[in-house]
Amino acid sequence: MSETRDYKPTLNLPKTSFPMKANLAQAEPATLARWQASDVVGAVAAARASAEPFVFHDGPPYANGSIHVGHLLNKVLKDIVVRSVLMEGRACHYVPGWDCHGLPIEHRVMTGLVESGKAAKLDTLSDDHRRMAIRRECAAYAAKFIKSQSAQMQRLLTLADYANPYFTMQPEYEAGTLEVFAGLLNEGYVFRQLKPVHWSIANQTALAEAELEYEDRVDPSIYVDFEAADRSKIDGAFGIECECTPSFMIWTTTPWTLPANLAIAVHPSHPYALVEMDGTLTIVAAEMLGKVAAIVGATGVKTLATALGSALVGLEYRHPFCDRTSRIVAADYVTMEDGTGLVHTAPGHGDDDYRTGLREGLEIYCPVQGDGTFDATAPEWLRGKVVWDANTLVVEHLRASGHLVHALQFTHSYPHDWRSRTPVIFRATEQWFIGVDRAGARAGQSLRAMARDAVNNTIKFVPAWGQSRLKGMIESRPDWCISRQRAWGLPIPAFRTADGTVFMTSASVRAIAQCVRANGSDAWFTLTPAVLLASYDAASDPHAPKDLCIESLTKMYDIFDVWFEAGSSWNSVLRQRGLGYPSELYLEGSDQHRGWFQLSMLPALGVTGATPFRTLLTHGFLVDKDGRKMSKSLGNALDVDVLLKDFGAEVARWWVSGVAYDGDIRIDLDYFKVAGESYRKVRNTIRFLLSNLYDAPAWTQEQVIEFACASKPESIDGWLMGELTALEVEARAAYKEYDFRRVHLAIFNFCNETLSSVYCAAVKDRLYCDAADSPRRRQSQAVARVATEVLTRLLAPFLPHTAEEAWIALRGSRAPLLFTQTHIGLTFARDVRWVHVMAARAAVSKALEGAKSLGIDNPLDAAVTLPDANGALAPFAAELADLCGVSQVILDANATLVLVSDLRALARCDRSWRRDGTVRQRSDGGMLSDRDALSVGV
RNA sequence: GCGCCAGUAGCUCAGCUGGCUAGAGCACACCCCUGAUAAGGGUGAGGUCGAUGGUUCGAGUCCAUUCUGGCGCACCA
């Protein structure tokens, strides 16, 4: 017997420049550099110059620190939107932005200044100069992080106009924000009102939560009797007759706030007891009675009657040392944990108290001045005294007047000013608000009503539950306090007139906006009121105060809540830059229902009457593999740079694309390994397709599509064309619904099953062994080429680098940019008869597995007999052997089971390794089947 | 404490308006191929569907309660 000839050189074996190893960590930066050098953003814009635009607006991340995995998720999702929209042939000019102002930066900068010893020097400067010095530092700090974050975001291979980003500290942005504010003023939504804030006496400033440190502090804890004003009403409430006038007993740890007491709060649904306690009549919560009696050391306690808190509401009491009577009010925040169940309420000194005060129509009374001393409205013996000294005075006064039930020292955690380390107080100050329940001048309805309507009827939510979430937040939100007492921000351009009233009108704000547009918001600190208001004409401003004297105005120094700035981006960016309005989509984490979504919606509703977005897409938060939140302290936070280095941006993007982004998203290095595996699977499948196209004719796109579509429905090629069409339709529909995971799974499944397991395996023999230019081989090459064309486009939004790599391998380096292309739009009908064929194929696989026990390890050593009683398989007879990977398939109308027969006794083709029954010795001495003999030409 | 969301094989997830022995991919085990080769293919073993109670002829699927976790909000007088 002659030895087996080596026919390998005669085969059409695959070849490609597209490497199996992606080497992403090195290859991606090169792609990035190429994009930057060739101005991809410009090229794509040019290609879509006349296309229908898709307006998509970036919510600004805060310009602080390094980007974290949350940014990665958010930015990649956004980029997938941008690129998928482009592939649909629409234009999408995406402008990235940053939020620059605000406390986190000012805090960091101030800490730095304190550490470097420069802070003390600042205190010697005038207010304007000091603020400017801080602002300069802050601006530099923000600029530095914008630069580094921008580079990190670009490294994620995101496509955006990084050359022209927006910052909330840009002069034109600031001007756009002020114009929104002017619009709201004009509609009457803006007002000024007292509100309690954390106040540092040492620095005479309001503090934000982040500027507080909690330290233990010892304060007097006192139980005080507030005498009822009308005994008969008490009798009515409890249904008994009292022998003397009872008192309401309250508890407080801040005796100095008692002068501002304007109410006592009770819980409406808890029982309160009227008790005789050591000879006096007192009212406390029934549940607290035991505790209170024990603390105050009462010996004789007798409950006379009980009544629900709601029965007490409206009763009046006499203030123990101020000449007034006040009411009992209901509040459901009253708890039965500490105190007496009756809560001392001073609307000027507490947030809850404030809210209660507003609801009950109480004065927001604050007799404490900025320096911590009592003003002239306080009782004479307290005037001019600092609150800390007042504590003792109040206790002694109460003791002397017999109102003090008990006093003890109490250690508790108390907020302190982080800079001066002195205790802060809660003190009502005047703040600016945007009212959500005031009817606007033009709209005639409130922002809340408009927002409610938009949430119910206009906005599309992805996922749908965003609607109920936003709805709940709209319903419960209070007026928006937009003023902050800080230096690093956009000034609220209000002035004080000589007589102390506040001057700020829609027209004056517009005038300031004009000045800020030219000079930036620093102008507020460097220019005089007269210069700032240069373009303001009081005569034509109907809201101008009478006899306005611009020369005598003084500037006020509140700045805007940064959310107001970010919430004005629809005007400062979309409208001012002419990018189109409104935005089709806002896409942020679910925390932005409270944040950017809502705070963009309110100003836009106020000014334009409509929401600045049509659809709200939210994604959940990243948690670790055990479902715990990511944090530096837990040490479970993943570093983006490490991910990029170890896996590459493409694997990270591939992971993002496959994630179920509604709800929590678990993230772990292991998941990136998994994503890397499936990425490689997709990559290798595409590589197989590409590698069989090396000698394909130079078809144009139109030609190859036409050729591929000419595949017979009963051919493997025809089957794939049907599957490919279905994939394209499905993926594009899912992209449109932002259901990227569905796209991801569809593509993966197509590569893994449809191509790798079925099509590629089936078509291998003809690609390798048919004559290079056989019609059958060319047909499959055309279909493989079309599959590659479709896949690169479908993958492009997820894997811009890999898709482009494949695109260049397919079309050459002079091909037009992938992102100037659009989807192929196949319409090859799926032939339903294939379900029978695929079922038969699955049955064969099982049967072959069983045949292994008979020694038939290699399917090419087998022939298979398939039952085909109804002739369903007959039309596909020519393809069945290739499809099943066996040498022969016989259809038998009478068979009932798949039968595997051993062909090992039959001659084996030296070239194709098949035993198809035509194998015999040929003129060159080799054992070849008819097809292979023909291919080799012997 | 309140609002919203999630809890299905080791992992990531499908399971629509309640109805055959609860599905897929990955991982795993075993096997094949060695002409996609630091690739490719086949077969298989994995689940009391967070827990409890209820509605129903029948529930992963509806209702109630509860536990765990996430986001947001409130609270510490």
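In what follows, chains carry the letters A, B, and so on, assigned in the order in which the sequence lines appear, proteins first and then strands, with residues in each chain numbered from 1.
Considering only residues two or more places apart in sequence or on other chains, A/Asp662 meets the salt bridge (Lys or Arg N to Asp or Glu O under 4.0 Å) condition with none of them. When the ring-ring contact (aromatic ring centres under 6.0 Å, His included) test is applied to A/Trp596, the partners found at least two apart in sequence or on another chain are A/His57, A/Tyr586. Residues passing the side-chain contact (heavy atoms from CB on, under 4.5 Å) test with A/Ala27, sequence neighbours excluded: A/His801.
Base orientation of B/rG46: syn (glycosidic angle within 90° of 0).
Taking atom P in both B/rG72 and B/rC11, one finds a spacing of 27 Å when rounded to whole Å. Rounded to the nearest Å, the gap between the C1' atom of B/rA24 and that of B/rG46 is 14 Å. On the C1' atoms, B/rA45 is 37 Å away from B/rU55, given to the nearest whole Å. Taking atom C1' on both nucleotides, B/rC13 is separated from B/rG7 by 13 Å, rounded to a whole Å. The gap from the P atom of B/rC16 to that of B/rG60 amounts to 12 Å, rounded to the nearest Å. Look at the P atom in both B/rA29 and B/rU17: the space between them is 39 Å, to the nearest Å. Rounded to whole Å, the P atom of B/rU61 lies 12 Å from the corresponding atom of B/rG18.
Both key distances under 3.5 Å define a Watson-Crick or G-U pair, and stretches of 3 or more such consecutive pairs in RNA chain B run B:1-7 with B:67-73, B:10-13 with B:23-26, B:28-32 with B:40-44, B:50-54 with B:62-66.
Among the heavy atoms of the strands lying under 4.0 Å from A/Lys681 are primed sugar atoms or P, OP1, OP2 only; no base atom is included.
Side-chain contact check for A/Asp646 versus A/Phe672: every heavy-atom pair is 4.5 Å or farther apart.
When all heavy atoms of A/Leu848 and A/Cys884 are compared, the pair lying nearest together is CD1-O, 4.2 Å.
Think of the region where chain A sits on RNA chain B: with heavy atoms and a 4.0 Å cut, that region ends 5' and 3' at B/rG3 to B/rA77.
Contacts with RNA chain B (heavy atom under 4.0 Å) in residues 11-26 of chain A: A/Leu11, A/Leu13, A/Met20, listed by number.
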